[in-house]
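All remarks here apply to the structure that follows.
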Number of protein chains: 2
Amino acid sequence: MSGPDGKAGNGLSKQRLRLWVNLLRTTRLIEADLREEMRTAYRTTLPRFDVLSALERHAGGLLMGELSRHLMVSNGNVTGIVERLVSDGLVERLAVEGDRRAILVRLTQAGAAAFAAMAAEHEDWVDRRLAAIGHDEAQTVIDTLSSIREDRP
Amino acid sequence: MSGPDGKAGNGLSKQRLRLWVNLLRTTRLIEADLREEMRTAYRTTLPRFDVLSALERHAGGLLMGELSRHLMVSNGNVTGIVERLVSDGLVERLAVEGDRRAILVRLTQAGAAAFAAMAAEHEDWVDRRLAAIGHDEAQTVIDTLSSIREDRP
DNA sequence: GGATTTTATTTCAAGTATAAATTATATAAA
DNA sequence: TTTATATAATTTATACTTGAAATAAAATCC
């Protein structure tokens with residue numbers, strides 16, 4: 001399974017591994033930068049920002065499960081983050097008419113305001129961090145990444 | 001700072017944000033797959049694999065701090081992961097001649113063997129996960145990601 | 001209608017992660 | 001020397017993260 005003729009272990013396999021390592025290193029590097037900005041400028045964390053961001057894109061609110069799927073993190077994880085956001089007054093939980101299992105999570109006014117302030121600067125940070133990349137170059141990478149995500153068994 | 005004419009908030013800035021979101025989502029998706037494979041096939045985790053992998057590439061061993069920099073995670077984090085690997089017998093800590101603060105971490109024979117078994121399959125998983133990508137397409141993305149990493153203030 | 005299964009969420013234990021504080025050692029400067 | 005500063009690693013407190021088990025409510029089956 002790893003000789004020069006096997007399905008893996010050949011040049012293409014190694015190249016794909018290089019791509020994965022590059023993907024991972026670059027993402028971690030940018031994440032570390034963004035986390036640092038979040039921490040120093042807003043005393044908050046990336047996961048909290050991600051939750052607010054997802055809720056901002058869904059004005060009507062999201063169920064816990066939808067939130068978990070959007071963020072691609074586990075159910076139990078979201079419970080904890082939302083809990084802290086609720087106690088900070090940025091987010092509220094609402095009962096769902098007709099399904100007493102479900103819980104709708106929504107930005108409060110304070111949460112929407114806090115997010116708006118952060119979002120503009122966040123875009124700015126990303127813009128600076130990716131300053132070396134032009135529109136078309138970005139599009140090329142976006143297309144490749146999309147094709148990776150869509151190619152799931 | 002976010003009108004259509006500002007340095008951010010324009011089309012290019014939005015495109016870079018899209019690129020970042022794509023980067024993050026794709027990396028998380030692949031990471032989740034790999035974590036699942038690691039867990040079911042080897043009862044281990046990605047961070048442990050990453051440590052073994054770094055040590056395998058440095059036969060002479062690495063200092064805790066070097067390990068932390070290689071993996072781009074915090075110092076205290078490495079302490080914990082190495083601790084568990086030591087108690088599993090996969091890694092050993094050695095005193096450093098001439099510097100009593102430092103600790104050299106190295107694979108044991110068992111650790112090297114365990115890693116070798118995992119590494120081949122890991123490459124295979126990545127190969128399958130990125131099956132949609134050809135050599136040149138991968139290279140294009142690698143180049144872009146490298147230019148991002150190198151463009152640091 | 002009642003039993004079964006599925007769905008939505010929380011709880012739990014273990015592990016991963018950070019930043020800040022601490023310990024111990026090394027190096028430089030006075 | 002003595003003092004000051006820097007470096008290597010750990011410890012601590014808190015937060016994030018997962019997978020599995022537990023709860024509770026809804027939907028489906030018979």
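Just so it is clear: chains get the letters A, B, ... in the order the sequence lines come, proteins before strands, and each one is counted from 1. Values below: every heavy atom of this structure, side chains too, minus hydrogens, waters and symmetry copies.
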With B:Arg106, the salt bridge (Lys or Arg N to Asp or Glu O under 4.0 Å) member among B:Glu92, B:Glu66, B:Glu56: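 Going through B:Glu92, B:Glu66, B:Glu56 one by one, the salt bridge (Lys or Arg N to Asp or Glu O under 4.0 Å) with B:Arg106 is satisfied by B:Glu92 alone.
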Just to verify, which of A:Arg39, A:Arg129, A:Arg28 counts as forming a salt bridge (Lys or Arg N to Asp or Glu O under 4.0 Å) with A:Asp33?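 Exactly one candidate clears the test, A:Arg129.
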Judged by atom type as modelled, is there a donor-acceptor pair below 3.5 Å linking the side chain of [X] to the main-chain atoms of [Y]?
X	Y	result
B:Ser147	B:Thr144	yes
B:Thr108	B:Gly89	yes
B:Asp127	B:Glu123	no
B:Tyr42	B:Ala117	yes

Look at the side chain of [X] and decide which nucleotide, out of [options], has an atom nearest to it.
X	options	result
B:Thr79	D:dT10, D:dG19, C:dT18	D:dT10
A:Asn77	C:dA8, C:dT10, D:dT18	D:dT18
B:Glu83	D:dT11, C:dG15, C:dT9	D:dT11
B:Arg39	D:dT10, D:dA20, D:dC16	D:dA20
A:Ile103	C:dT10, D:dT18, C:dT16	C:dT10
B:Glu36	D:dA8, D:dT17, D:dG19	D:dG19
A:Arg100	D:dC16, D:dG19, D:dA25	D:dA25
B:Arg48	D:dC16, C:dT25, C:dT16	C:dT16

Applying a 4.0 Å non-hydrogen cut-off, can you work out what [X] is touching in the nucleic acid: base, sugar-phosphate, or nothing?
X	value
B:Gly80	nothing
A:Thr45	sugar-phosphate
A:Arg69	nothing
A:Asp99	sugar-phosphate
B:Arg93	sugar-phosphate

Starting from [atom2] on [N], measure out to [atom1] on [X] and report it in whole angstrom.
X	N	atom1	atom2	value
A:Leu46	D:dT17	CG	C1'	14 Å
A:Leu94	C:dA8	CG	C1'	16 Å
B:Glu66	D:dT7	CD	P	15 Å
A:Glu31	C:dT16	CD	P	17 Å
B:Tyr42	D:dG19	OH	C1'	21 Å
A:Leu71	C:dT9	CG	P	13 Å
A:Leu67	D:dT17	CG	P	12 Å
B:Asn75	C:dT22	CG	P	17 Å

Any side-chain N or O of B:Arg84 below 4.0 angstrom from OP1/OP2 of C:dG15?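 No, because none of the side-chain N or O atoms of B:Arg84 sits under 4.0 Å from OP1 or OP2 of C:dG15.
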Nearest-nucleotide comparison on DNA chain C, the residue closer to the 5′ end among A:Arg28 and A:Leu63: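 Final value for this comparison: A:Leu63.
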For A:Ala102 and for B:Ser74, locate the closest nucleotide of DNA chain C by heavy-atom distance; then report the residue assigned to the nucleotide nearer the 5' terminus.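 On the 5' side of the pair lies A:Ala102.
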Return the angle between end axes of the helix from C:dG1-D:dC30 to C:dA30-D:dT1, with five pairs used per end and rounding to 10°.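 Here the helix ends are tilted 10° relative to one another.
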Do A:Arg101 side-chain and C:dT7 base share a donor-acceptor contact under 3.5 Å?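 Answer is yes: a donor-acceptor pair is held.
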Can you tell me how far apart CG (A:Leu12) and CZ (A:Arg16) are? Round to the nearest 0.5 Å.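 So the CG of A:Leu12 and the CZ of A:Arg16 are separated by 3.5 Å.
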Charged N to carboxylate O below 4.0 Å: is that the case for A:Asp124 and A:Arg128?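 Salt bridge: yes.
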Crowding at CZ, B:Arg93 (>12 non-hydrogen neighbours, <6.0 Å):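 Enclosed: over 12 neighbouring heavy atoms sit under 6.0 Å from CZ of B:Arg93.
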